[in-house]
Amino acid sequence: MTGKGHGVRPALTGSLALRSVRSSLPDLILLDIVMPEMNGYEVCGHLKADEKTRDVPVIFISGLDETVDKVKAFDAGGVDYITKPFRRQEVLARVETHLSLRKAQERLKAQNARLQREIMERKRAQEALRRANDELEQRVMDRTARLAAANDRLKQEIRERKQAETALRKSDEKYRRLYDETKRAAEVYRSLLHTSADAIVLYDLQGNAQYVNPAFTNIFGVHHG
């Protein structure tokens, strides 16, 4: 049977039908039930068990008109059941319907495949973004830790500097006190030398007289200049 641009490859037995289908995948199969070697149910079972041919729609055409035969055909994997005698227009209409359904299914399958690819790509992008965010967060944490450590070192340096400044200030104050005390002691010493009634002469290490007090002058009449 031909019509509406469809080509038909007839096969007289079930084994020939299987070889024909596997050698060149058809868009749709019209399958009789009563055939030599194996019946249509068995042929359909082989087709549906093969991953390559399982999606090809199978329309059963048979003179068997019992409900049990139709149920068995659908259980075997058929998509439709046409009872003989049939009208050519009815068969062509059903063929067109199931071809359209298959094309729609193929488009849907292709769309699903694209959607799955997009989902996988989005998941990969999200994973890459997550890793980038984790890396950035880790870098921020490391940088924050380094800054905190540097800040702690700076605070310690400031404390040590303040302690050193405090110690230096105390040392300066102590030095000034010692200097003032020494200066006052020297003034007292000079005053004692100057007012002493005893003749006093001070020599340096080379034996040169450096100081004579007024009593020495008054007693010996010698001036030191």
Side-chain angles (χ1 to χ4, degrees), residues 1-11 13-33 35 38-62 69-82 86 88-154:
M1 180 187 70
T2 59
K4 295 190 176 181
H6 301 303
V8 178
R9 298 200 315 267
T13 66
S15 58
L16 290 176
L18 291 174
R19 284 199 295 270
S20 176
V21 170
R22 289 165 179 164
S23 65
S24 179
L25 202 64
D27 296 322
L28 182 141
I29 298 172
L30 297 175
L31 183 61
D32 203 343
I33 294 177
M35 294 188 298
M38 65 178 75
N39 60 41
Y41 303 131
E42 295 173 310
V43 173
C44 190
H46 286 293
L47 292 173
K48 297 306 174 181
D50 189 336
E51 184 177 358
K52 180 180 178 182
T53 59
R54 68 177 53 171
D55 293 330
V56 179
V58 176
I59 298 178
F60 281 92
I61 298 181
S62 177
D69 299 314
K70 297 178 181 179
V71 170
K72 192 173 180 179
F74 285 114
D75 288 341
V79 297
D80 206 344
Y81 193 100
I82 301 174
F86 55 80
R88 181 173 178 275
Q89 291 79 5
E90 178 186 1
V91 174
L92 288 175
R94 295 198 184 188
V95 167
E96 291 293 332
T97 297
H98 289 289
L99 288 177
S100 298
L101 286 174
R102 188 185 183 194
K103 289 179 181 178
Q105 290 172 346
E106 290 176 348
R107 286 195 299 270
L108 181 60
K109 185 177 180 180
Q111 290 173 356
N112 287 337
R114 286 195 299 270
L115 180 59
Q116 289 296 324
R117 288 194 298 270
E118 291 175 1
I119 290 174
M120 292 300 298
E121 291 173 359
R122 179 167 295 183
K123 286 183 178 179
R124 285 194 293 269
Q126 290 174 342
E127 179 63 20
L129 180 61
R130 185 192 63 78
R131 288 196 299 269
N133 286 336
D134 290 345
E135 182 180 354
L136 179 59
E137 183 177 354
Q138 185 61 46
R139 291 172 61 184
V140 170
M141 292 174 61
D142 293 343
R143 179 62 175 169
T144 301
R146 289 196 295 271
L147 288 175
N151 188 52
D152 290 341
R153 288 194 298 271
L154 180 59

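Excluded from the calculations below are hydrogen atoms, water molecules and symmetry mates; all remaining heavy atoms, backbone and side chain alike, are included. None of the values given here were measured: they were computed from a predicted structure.
- Partners of Lys48 by salt bridge (Lys or Arg N to Asp or Glu O under 4.0 Å), not counting sequence neighbours: none found.
- Counting heavy atoms from C-beta on, the side chains of His98 and Ile59 come closer than 4.5 Å.
- Atom CZ of Arg122 sits about 9.0 Å away from atom CG of Leu115, to the nearest 0.5 Å.
- Every residue two or more places apart in sequence or in another chain was checked for a salt bridge (Lys or Arg N to Asp or Glu O under 4.0 Å) with Asp69, and none qualifies.
- Not counting sequence neighbours, the partners of Glu42 by the side-chain contact (heavy atoms from CB on, under 4.5 Å) test are Met38, Asn39.
- Side-chain contact check for Thr13 versus Met35: every heavy-atom pair is 4.5 Å or farther apart.
- The backbone N or O of Leu108 sits less than 3.5 Å from a side-chain atom of Asn112, completing a donor-acceptor pair.
- Minimum heavy-atom separation, Ala76 to Cys44: O-SG, 3.3 Å.
- Within the structure, every pair that satisfies the salt bridge (Lys or Arg N to Asp or Glu O under 4.0 Å) test and touches residues 123-132, not counting sequence neighbours, is listed here: Glu127-Arg130, Glu127-Arg131, Arg130-Asp134.
- Every residue was checked against the salt bridge (Lys or Arg N to Asp or Glu O under 4.0 Å) condition with Arg9, not counting sequence neighbours, and none meets it.
- Of the inter-residue distances, the one linking Glu106 atom CD with Leu99 atom CG reads 9.5 Å to the nearest 0.5 angstrom.
- Applying the salt bridge (Lys or Arg N to Asp or Glu O under 4.0 Å) test to pairs two or more places apart or on separate chains, those with a residue in residues 108-121 are Asp55-Lys109.
- Note: His46 NE2 to Leu18 CG = 6.0 Å, rounded to the nearest 0.5 Å.
- Applying the 6.0 Å contact sphere to CZ of Arg139 captures no more than 12 heavy atoms from other residues, nucleotides or ligands.
- Residues Tyr41 and Phe60 have side chains in contact (heavy-atom distance under 4.5 Å, counting atoms from C-beta outward).
- Not counting sequence neighbours, Asp27 has no partner by the salt bridge (Lys or Arg N to Asp or Glu O under 4.0 Å) test.
- For Gln105, there are no side-chain hydrogen bond (donor to acceptor under 3.5 Å, both in side chains) partners, not counting sequence neighbours.
- Two residues are said to be in side-chain contact when any heavy atoms from C-beta on lie closer than 4.5 Å; Leu31 and Ile61 fail this criterion.
- Contact check for Val95 versus Leu28: side-chain heavy atoms found under the 4.5 Å cut-off.
- In this structure, the side-chain hydrogen bond (donor to acceptor under 3.5 Å, both in side chains) partners of Lys70, at least two apart in sequence or on a different chain, are Asp65.
- Judged as a salt bridge (Lys or Arg N to Asp or Glu O under 4.0 Å), not a single pair has a partner in residues 140-153 (not counting sequence neighbours).
- Looking at heavy atoms from C-beta onward, Val21 lies out of side-chain contact with Lys52 at the 4.5 angstrom threshold.
- Contacts of Thr97 classified as side-chain hydrogen bond (donor to acceptor under 3.5 Å, both in side chains), with partners at least two apart in sequence or in another chain: none.
- With hydrogens and angles ignored, the 3.5 Å screen pairs a side-chain donor or acceptor of Ser23 with a backbone N or O of Arg19.
- Remark: Asn133 engages no residue in a side-chain hydrogen bond (donor to acceptor under 3.5 Å, both in side chains) (not counting sequence neighbours).
- Between Val79 and Val58 the shortest side-chain heavy-atom distance does not fall below 4.5 Å.
- Nearest approach of Tyr81 to Ile33, heavy atoms of both residues: OH-CD1, 3.5 Å.
- Taking 4.5 Å as the limit, every side-chain heavy atom of Pro57 sits out of range of all side-chain heavy atoms of Ile29.
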